[in-house]
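Read the structure below first, then the notes.
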Amino acid sequence: MSDTQKTFYITTPIYYVNDAPHIGHSYTTILADVLTRFHKLAGEDTFFLTGTDEHGQKVQQAADKAGVSPKEHCDVYAKRFQDAWRDLNIGFDKFIRTTDPEHIAYVQGIFQQLWDRGQIYEKEYEGWYSVGEERFFTEKELVNGMDPISGRPVEKVREKNYFFKMSAYQDWLLKYIEEKPDFILPDFRRNEVLGFLRQPLNDLCVSRPKSRLAWGITLPFATDYVAYVWVDALFNYRSAVDGKVFSGGAPVWPADYHLLGKDILTTHAVYWTTMLKALDMPQPKHILAHGWWMFDNARMSKTTGNVVNPMSMKEKYGVDVFRYFLIREMVVGQDASFSEEALVQRMNSDLANDVGNGLSRILKLAATGLESRLTPVASVGEEAAALRKAAGEAVAGALEKVKALKLSFAIEDTLQLIRAVNRYLEVKAPWKLAKEGEAGKGKLNTVLYHAAEALRIGFSLLHPVMPSKMGEALAALGVEYSGVLGAEPSITSLQWGKFGFSRPLGQGVNLFPRVENISGHAAGKSKAGGTLTDGAAPSAPVDPFSLVHLKVARIENVEDHPNADSLYVLQLRIGEEARTVCAGLKKHVGKEALLGQDVVMVYNLKPANLRGVESRGMILAAESEGGKVLPVSPEGAASGDDVKATDTPFAPKADLTLKEFEKSPLTVKSGLVCYRDRPLQSPRGPIRAQAADGTAVR
RNA sequence: GGCGGGUUAGCUCAGUUGGUUAGAGCAGAGGAAUCAUAAUCCUUUUGUCCGGGGUUCAAAUCCCUGACCCGCUACCA
């Protein structure tokens with residue numbers, strides 16, 4: 001291999017070993033696999049890394065519970081990922097486990113280097129420690145002075161820890177990302193990171209004392225501490241390829257792509273990059289955050305009677321169809337929605353009708369007219385030349401789109417070629433030639449050769465997405481093919497004229513059988529109209545106010561928020577129940593005026609943490625134009641009464657979000673609080689507000 | 001509330017630096033053909049390019065504004 005040999009190193013996140021592999025893991029890993037296979041097809045030297053993250057408290061706990069060592073526990077659970085990837089035709093080059101001795105030694109080496117370079121310092125740290133969660137929380141994270149996750153008490157603990165000087169690299173990183181527009185992809189994620197970096201950045205605590213967490217990598221310069229799991233985990237990308245070179249001699253690091261879900265973008269874009277910078281190591285070329293698969297459970301359950309687990313689709317329709325759907329349907333970076341209907345739709349129209357049927361008709365024609373044997377052809381007609389041109393365009397277009405990460409468009413380009421083959425057959429009508437017997441044989445061979453050659457190139461282009469099915473398809477065209485993960489098509493196989501004539505074509509190959517029913521639900525052409533992707537009736541619009549649960553509450557105590565200028569912390573009594581609620585009334589109403597008052601609150605609002613105090617609900621107040629804000633008053637009602645709007649259904653939703661609540665506009669009309677002209681009522685009377693008509697209430 | 005993105009055919013989306021009759025796939029309608037997985041091929045839709053202003057010879061594209069949706073973020077409760 002020469003110096004100009006192009007190389008490609010791609011990574012997935014390492015998955016937390018306790019997790020069960022789900023569609024999120026699968027999508028990332030399939031995407032990495034497809035990209036790798038495409039780059040390999042384009043003639044590049046590739047390296048594909050995935051693995052498992054095996055340190056941390058939860059692993060230790062799970063192991064303790066099972067009565068095995070953490071390592072034994074990990075051995076069992078890491079295998080679930082390896083098995084899952086094997087089942088999904090994923091051909092990674094290395095599966096790293098953070099408990100691998102090489103990785104542990106590497107991370108220790110990193111810590112020593114950072115320490116030697118003065119990038120890590122020790123600091124007495126005083127914070128709120130939750131025994132339940134075995135971790136610290138910042139003042140800001142605490143909710144009512146309690147652990148925000150478990151709700152259990154926290155204690156103030158003073159402890160020494162080691163910190164990485166992350167803040168020192170803030171300006172550098174900001175500039176770096178600004179200067180490299182394609183470093184973080186897609187660009188809207190890049191903007192989010194830039195926004196994040198324009199706020200003050202803290203140093204990063206990179207150690208945990210063993211007294212609290214023993215299952216981790218021991219720090220070389222402080223043996224009673226282990227590495228913070230994120231540092232441990234991130235360096236897998238580096239440790240896995242330490243000292244490794246491609247066949248051309250180029251080092252594998254830096255990675256071309258780190259693939260990841262949008263939820264872990266900050267750790268990669270900020271922690272990882274600054275640590276590499278502190279070590280003078282090259283940065284990865286791109287960090288790509290992809291979207292989520294969404295599920296419309298309501299619709300799924302309506303049409304098929306149950307919620308479909310997407311992972312079961314690979315058993316039901318085959319691994320390659322599953323891979324095809326995920327790659328074809330999702331625009332990299334965006335969210336996409338998963339439904340069985342859409343998958344079947346894709347499979348039928350793209351794979352069965354175009355790809356599978358296209359192959360099928362050629363095989364049959366060759367079998368009946370030419371004993372399944374094709375021979376080289378010299379003459380090239382006008383249509384054949386056009387087909388050849390289409391093949392060239394498909395190859396160029398698809399490879400270019402892969403480079404731009406537009407995989408669904410690369411697939412579309414390839415399907416154009418397959419459709420061109422079907423069109424070519426229509427024009428040439430080889431079935432007529434087949435009926436001419438010996439006289440038509442030469443022409444028949446010519447037509448089928450060109451069609452088969454175009455299909456061969458199309459199948460080679462689809463191979464990265466559907467390795468086993470396209471392997472079968474290529475074999476049916478007589479291409480020597482020795483397995484799914486072995487002999488992939490090469491760059492030369494994308495050239496016209498590489499058809500091998502030594503083997504007969506296959507017979508009776510049905511690559512993608514059409515599916516007419518899904519779980520008893522009609523999936524074929526529907527005479528009643530409507531499409532499959534839009535098969536379900538639109539759900540009846542729900543009155544947004546019906547989701548809201550309002551209750552009368554009495555203010556039993558008012559205090560200033562310890563941490564915010566405009567907030568009060570109110571203790572409310574709702575019937576028998578006591579709640580803490582924050583209210584942004586400090587600038588509008590005196591404490592005395594609130595104390596003992598009855599108010600109306602949004603009872604089912606999702607709890608929120610406001611500057612360290614959990615607020616479980618919200619007081620309704622009228623907001624006059626002059627900026628005056630006054631709580632509304634439930635005349636004569638008793639604490640705990642429900643408040644409803646007349647003639648409005650009542651079906652409160654748990655954990656209503658503020659956004660959902662704001663879909664119900666409340667206004668004042670003749671001194672009464674109304675929802676769309678319907679006055680709000682407690683069982684004992686209307687809700688009043690001292691404000692002009694039209695004043696918004698929230 | 002702040003910042004950013006979006007709104008194009010029934011559905012999912014393309015539309016480069018403003019330039020002629022605004023596109024693809026799927027779905028629908030009509031037709032041809034019969035080698036093939038009731039598959040294929042051809043033809044086909046009246047799209048207020050979210051609304052309203054403006055700049056320009058010319059705007060889906062640029063500017064302002066309004067509505068709705070989404071992401072991040074916040075002393076939103």
Side-chain angles (χ1 to χ4, degrees), chain A residues 186-196 198-199 262 265-266 291 328-331 334-337 342 345-346 348-369 406 408-409 411-413 415-416 419 421-435 444 447-448 451 508-516 524-527 529-535 561 563-570 580-587 601-602 605-621 658-659 661-663 698:
Chain A
D187 55 355
F188 62 91
R189 295 285 168 216
R190 170 177 175 264
N191 284 338
E192 286 172 15
V193 174
L194 286 172
F196 179 83
R198 289 191 180 110
Q199 296 170 336
K262 58 191 180 184
L265 178 57
T266 304
R328 176 67 183 79
E329 203 73 4
M330 185 179 265
V331 173
Q334 314 278 97
D335 289 348
S337 65
Q345 167 82 52
R346 276 284 173 223
N348 281 344
S349 68
D350 292 359
L351 299 179
N353 295 357
D354 289 345
V355 178
N357 181 50
L359 173 67
S360 200
R361 52 199 311 207
I362 288 174
L363 295 185
K364 186 65 188 290
L365 288 163
T368 50
K406 296 184 173 179
S408 49
F409 297 98
I411 289 175
E412 185 52 38
D413 279 5
L415 285 182
Q416 288 295 348
R419 292 187 195 112
V421 172
N422 276 323
R423 226 172 295 133
Y424 173 76
L425 290 180
E426 216 61 42
V427 174
K428 291 296 190 181
W431 44 92
K432 286 180 183 160
L433 300 171
K435 285 173 185 158
L444 180 61
V447 172
L448 293 187
V509 175
N510 189 345
L511 282 181
F512 303 104
R514 280 181 63 87
V515 171
E516 303 297 347
K525 285 189 180 176
S526 162
K527 291 283 179 201
T531 67
L532 285 173
T533 46
D534 189 27
H561 191 295
N563 242 334
D565 298 335
S566 64
L567 300 179
Y568 282 133
V569 179
L570 309 179
T580 305
V581 167
C582 296
L585 295 171
K586 203 157 158 183
K587 289 174 183 162
M601 70 176 297
V602 184
L605 197 67
K606 188 178 177 184
N609 181 9
L610 294 177
R611 293 282 283 202
V613 175
E614 184 187 51
S615 178
R616 299 187 56 221
M618 170 170 150
I619 305 293
L620 290 190
L658 195 59
K659 269 190 178 174
F661 171 68
E662 283 169 352
K663 284 181 181 165
R698 57 158 290 179

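By convention in this document, chain letters (A, B, ...) are assigned in the order of the sequence lines, proteins followed by strands, and residues within each chain are numbered from 1.
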Hunt down the Watson-Crick or G-U wobble partner of [N], both distances under 3.5 Å, from any strand shown, or write none.
N      : result
B/rU20 : none
B/rG4  : B/rC70
B/rU46 : none
B/rC41 : B/rG31

Between [N] and [M], how many Å separate the two [atom1] atoms, rounded to a whole number?
N      : M      : atom1 : value
B/rU48 : B/rG66 : P     : 24 Å
B/rA14 : B/rA60 : C1'   : 12 Å
B/rC70 : B/rU8  : P     : 15 Å
B/rA9  : B/rC49 : C1'   : 10 Å

Expressed in angstrom and rounded to an integer, what is the separation of A/Leu425 atom CG from B/rA32 atom P? 21 Å

For the base of B/rU40, is there a side-chain donor-acceptor partner from A/Asn357 under 3.5 Å away? no

Checking only heavy atoms, does the side chain of A/Asp565 share a donor-acceptor pair with the base of B/rC75 at less than 3.5 Å? yes

Side-chain N or O of [X] closer than 4.0 Å to phosphate OP1/OP2 of [N]:
X        : N      : result
A/Asn353 : B/rU40 : yes
A/Arg419 : B/rU40 : no
A/Arg514 : B/rA39 : yes
A/Lys435 : B/rC35 : yes
A/Arg361 : B/rC35 : no
A/Lys406 : B/rA24 : no

Does the side chain of A/Arg514 come under 3.5 Å of the side chain of A/Asn357 through a donor N or O and an acceptor N or O? no

When you measure from the side chain of A/His561 to the backbone N and O of A/Leu610, does any donor-acceptor pair fall under 3.5 Å?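 Confirmed, A/His561 side chain pairs with A/Leu610 backbone.
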
Within the 4.5 Å heavy-atom criterion, are A/Val509 and A/Lys364 side-chain neighbours or not?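 They are not in side-chain contact.
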
Name of the residue among A/Leu351, A/Asp354, A/Asn353, A/Asn348 meeting side-chain contact (heavy atoms from CB on, under 4.5 Å) with A/Phe512: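 Running side-chain contact (heavy atoms from CB on, under 4.5 Å) over A/Leu351, A/Asp354, A/Asn353, A/Asn348 with A/Phe512 returns exactly one hit, A/Leu351.
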
